[in-house]
**Q** 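This is the structure I want to talk about, given as structure tokens.
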There are 4 protein chains.
Amino acid sequence: MKEKITEASISLFEQKGFSTTTIQDIADSIGATKGTFYYYFKSKEQLLKEIHLEYIIDLLKRQEAIVNDSTSNKEKLHAVIEMLISDIRKNGPRGRVFFREIRHLAEENIRIIKKERDRYRLNIESIIRSGIAAGEFKPNLRSDMVAFAVLGMANYSYNWFQPDGEVEPSELAAIYTSLVLGGIVKENGTPENH
Amino acid sequence: MKEKITEASISLFEQKGFSTTTIQDIADSIGATKGTFYYYFKSKEQLLKEIHLEYIIDLLKRQEAIVNDSTSNKEKLHAVIEMLISDIRKNGPRGRVFFREIRHLAEENIRIIKKERDRYRLNIESIIRSGIAAGEFKPNLRSDMVAFAVLGMANYSYNWFQPDGEVEPSELAAIYTSLVLGGIVKENGTPENH
Amino acid sequence: MKEKITEASISLFEQKGFSTTTIQDIADSIGATKGTFYYYFKSKEQLLKEIHLEYIIDLLKRQEAIVNDSTSNKEKLHAVIEMLISDIRKNGPRGRVFFREIRHLAEENIRIIKKERDRYRLNIESIIRSGIAAGEFKPNLRSDMVAFAVLGMANYSYNWFQPDGEVEPSELAAIYTSLVLGGIVKENGTPENH
Amino acid sequence: MKEKITEASISLFEQKGFSTTTIQDIADSIGATKGTFYYYFKSKEQLLKEIHLEYIIDLLKRQEAIVNDSTSNKEKLHAVIEMLISDIRKNGPRGRVFFREIRHLAEENIRIIKKERDRYRLNIESIIRSGIAAGEFKPNLRSDMVAFAVLGMANYSYNWFQPDGEVEPSELAAIYTSLVLGGIVKENGTPENH
DNA sequence: AATGAATGAGATTTCATTCAT
DNA sequence: GATGAATGAAATCTCATTCAT
């Protein structure tokens with residue numbers, strides 16, 4: 001039941017936004033009563049917090065599994081992008097709620113979540129830095145800004161990408177990886193993208 | 001006074017979000033009363049609509065000036081990115097409200113704004129397409145996905161970039177343009193980007 | 001267990017008041033669940049009723065034992081005051097709940113309790129009346145008002161008297177009896193207060 | 001209107017108790033809406049606080065006027081008792097709310113009110129002490145306990161005394177003063193009280 | 001004897017909006 | 001132009017109570 005409430009809430013938060021979704025909406029959407037909601041959650045905010053925590057913790061775990069892999073930094077970057085994008089099919093709504101509604105958490109919970117989110121970003125930055133050190137990437141990159149660029153690109157796809165549309169998630173991941181690695185300029189002798 | 005209300009509202013919407021900001025908050029923040037607000041605006045939503053319209057119309061106008069320039073597509077892309085990022089200093093808050101709060105407009109207004117926003121995106125897509133046709137960019141690019149990538153990257157900077165920090169807006173624009181044009185991979189014989 | 005619930009409830013009702021204390025509070029305070037509460041009590045009000053009844057019935061029984069004693073009316077009055085005050089140590093919380101929360105009983109139960117409470121008061125009044133008739137007390141006293149005065153004095157002590165403080169209950173009872181019997185004015189030839 | 005709300009609330013709080021009285025009850029009883037209530041009061045508790053403060057501040061002011069009079073301590077005591085009792089006609093309900101509902105204030109407000117209430121009591125104690133020093137009262141009295149006794153007696157009258165009944169307020173005040181000053185015991189040579 | 005899940009009714013509070021002045 | 005009073009609809013949350021197990 002708690003699961004059911006959470007799923008229904010994610011779906012509603014995604015469609016209408018957190019503050020526009022009422023407890024009544026949530027209760028109605030699963031055929032229960034408001035009382036039931038409060039039996040499982042202390043408050044609306046606590047529900048949001050749980051949604052955020054579950055999301056980022058799972059994402060971090062999977063990301064760190066990739067980072068700890070022994071492949072090249074190019075491959076790591078590809079894998080991280082692919083993970084984010086192919087996650088849209090299963091976790092798109094949860095992701096969108098995560099990106100959009102953090103503001104509605106209490107100060108303290110915002111801090112907790114932001115720390116994890118920063119860790120996620122710093123892991124990407126660290127792939128870039130390792131790649132520079134290993135001679136895989138250009139020497140004078142601002143690894144922090146590149147990390148932000150990758151995140152912006154990938155996160156934004158949650159707002160428009162249709163995983164069941166014409167382009168497959170893995171295709172989009174390939175396109176984005178290629179863009180980040182090799183850019184878009186046509187050059188003589190440019191090797192095929194990966 | 002209408003101007004004053006708008007500015008105060010943008011600042012509050014940015015900090016607390018549209019639905020969490022009350023008319024009372026707005027009135028308080030300019031030392032007026034709620035009645036005054038309703039003298040200048042029909043409703044809270046109408047204010048939000050005006051904020052959105054002013055923002056996107058201005059942005060579009062400036063973007064289309066760039067697109068109609070006779071420079072190369074590389075340069076157009078650079079100019080578009082630079083415009084977005086250097087706008088953060090002056091219009092950061094307005095931009096953030098634009099990106100985040102569109103959901104709170106009425107259906108019909110959402111449609112109106114989305115049309116303009118799409119036009120903005122399609123203009124970028126069209127730069128990519130022209131560049132491909134002109135042989136400036138790689139031939140097999142998905143211009144739509146590239147446009148989304150550029151937008152994601154640039155828009156996301158509204159969430160973290162400090163225009164008065166260590167990196168100048170034009171620097172960040174250069175870094176991002178370079179990334180999009182030439183990627184991050186170090187290659188023999190790769191010419192310096194721009 | 002019923003006993004345990006009652007004791008815990010008295011303590012909570014005393015601290016937080018009847019309507020502010022929840023069944024959950026009661027259950028928590030004895031490490032049980034709300035279901036358990038309802039196994040032993042039909043409702044929150046029934047619990048309050050039992051608390052009231054037990055209290056007043058016991059008090060009445062003890063009071064009437066005193067009244068039926070063959071001692072003087074002065075002594076009876078002293079004994080009644082002493083009983084009330086020395087009861088604070090053991091039954092202070094119950095007494096405070098009794099005095100404060102009667103309003104939350106159902107009409108009918110209020111009537112029942114008030115009848116007993118009145119009987120308690122009328123017994124005091126009757127001591128005064130007997131004392132007047134016996135020439136122990138002043139002839140023109142309003143025995144009803146004197147009874148109210150004694151009750152007010154004694155009951156109020158439930159709100160401030162610390163039985164484990166500097167003054168012993170029997171001392172306070174002596175002070176109050178002396179006050180009621182002989183007043184506070186210094187007079188020539190006034191005998192020492194008992 | 002604020003006045004109207006306050007009066008209506010006092011009457012309801014007296015009849016049903018603070019926590020059992022709803023904002024809806026209050027609004028209904030003056031033919032207004034809940035919104036109106038919240039236009040004038042921040043919360044239910046703030047209303048209660050204002051009721052408490054107004055009551056005790058007014059009472060203290062009047063009491064201290066009496067205490068600063070140049071009359072004898074006997075007369076002061078009489079005047080204080082008379083003031084309390086004759087106040088029942090006009091302020092009975094407010095007084096009952098004051099005595100019963102303090103618990104529902106927030107910790108901090110309880111502290112504020114209790115300080116004033118204590119001052120009221122200490123003023124009575126101080127009359128007793130002065131009377132002892134002046135040789136008006138018996139030398140070995142516990143002035144603190146006597147003050148509590150007077151307060152208990154007088155306050156309790158708020159619970160039963162009908163100012164429009166057979167006994168006049170000033171009569172009751174005389175009876176109580178006489179009781180406190182001279183007691184109830186019939187003695188040879190005891191002069192008439194007052 | 002005890003519990004955990006569920007509920008329904010209602011309580012406090014918030015807030016966009018209206019309107020007479 | 002501007003305001004203060006008032007409102008009504010709705011939102012979050014509470015809680016006594018029931019009931020199947």
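Convention: sequence-line order gives letters A, B, ...; per-chain numbering from 1. Values in this document were obtained by computation on a predicted structure and should not be read as measured data.
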**Q** On the 0 to 90° scale, with breaks at 30° and 60°, tag the B:Phe13-B:Phe18 ring pair as parallel, tilted or perpendicular.
**A**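 Perpendicular, since the angle between the ring planes exceeds 60°.
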
**Q** Under a plain distance cut-off of 3.5 Å, with no hydrogens placed, do A:Ser11 and A:Gln15 share a side-chain donor-acceptor pair?
**A**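 Yes, A:Ser11 and A:Gln15 have a side-chain donor paired with an acceptor closer than 3.5 Å.
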
**Q** Dump the intermediate steps for ring pair (Phe, Tyr, Trp, His ring centres under 6.0 Å) on B:Tyr156 and A:Tyr156, then the final yes or no.
**A** CA-CA 8 Å; B:Tyr156 194 53; A:Tyr156 194 53; 9.7 Å; no

**Q** Find which nucleotide of DNA chain F each of B:Met1 and D:Thr33 is nearest to by heavy atoms, and output the residue with the more 5' nucleotide.
**A**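 This one resolves to B:Met1.
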
**Q** Quick check for you: among F:dT7, E:dA2, E:dG4, whose closest atom lies nearest to any side-chain atom of D:Ala32?
**A**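 Ranking F:dT7, E:dA2, E:dG4 by closest atom to the D:Ala32 side chain puts F:dT7 first.
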
**Q** Indicate yes or no: at least one non-hydrogen side-chain atom of D:Ile56 is less than 4.5 angstrom from one of D:Arg119.
**A**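 Contact flag for D:Ile56/D:Arg119 side chains = no.
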
**Q** Can you work out whether A:Tyr40 or C:Thr36 has the more 5'-proximal nearest nucleotide on DNA chain E?
**A**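 The residue whose closest nucleotide sits nearer the 5' end is C:Thr36.
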
**Q** Would you indicate whether the side-chain heavy atoms of B:Ile26 and B:Phe37 approach each other to under 4.5 Å?
**A**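 A side-chain contact exists here, since the closest heavy-atom pair is under 4.5 Å.
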
**Q** Let me check I have this right: for DNA chain E, each base becomes ., (, ), [, ] or |, based on Watson-Crick or G-U pairs with both distances under 3.5 Å. What is the full string?
**A** .||||||||||||||||||||

**Q** Just wondering, are more than 12 heavy atoms of other shown residues or ligands nearer than 6.0 Å to NZ in B:Lys16?
**A**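 Result for NZ/B:Lys16: enclosed.
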
**Q** Check whether the side chains of C:Asn109 and C:Gln46 place a donor and an acceptor atom closer than 3.5 Å, and report yes or no.
**A**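 There is no such pair (donor and acceptor under 3.5 Å, judged by atom type) between the side chains of C:Asn109 and C:Gln46.
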
**Q** Would A:Asn159 and A:Arg100 count as having a side-chain donor-acceptor pair, cut-off 3.5 Å?
**A**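 A:Asn159 vs A:Arg100: donor-acceptor pair found between side chains.
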
**Q** Taking only nitrogen or oxygen atoms into account, show me every contact under 3.5 Å that the protein makes with nucleotides 11-15 of chain F, one pair per line with its distance.
**A**
unit_1, atom_1, unit_2, atom_2, d
F:dT12, OP1, A:Lys44, NZ, 2.8
F:dT12, OP2, A:Ile23, N, 3.1
F:dC13, OP2, A:Tyr38, OH, 2.8
F:dC13, OP2, A:Lys44, N, 3.2
F:dC13, N4, A:Lys34, NZ, 3.2

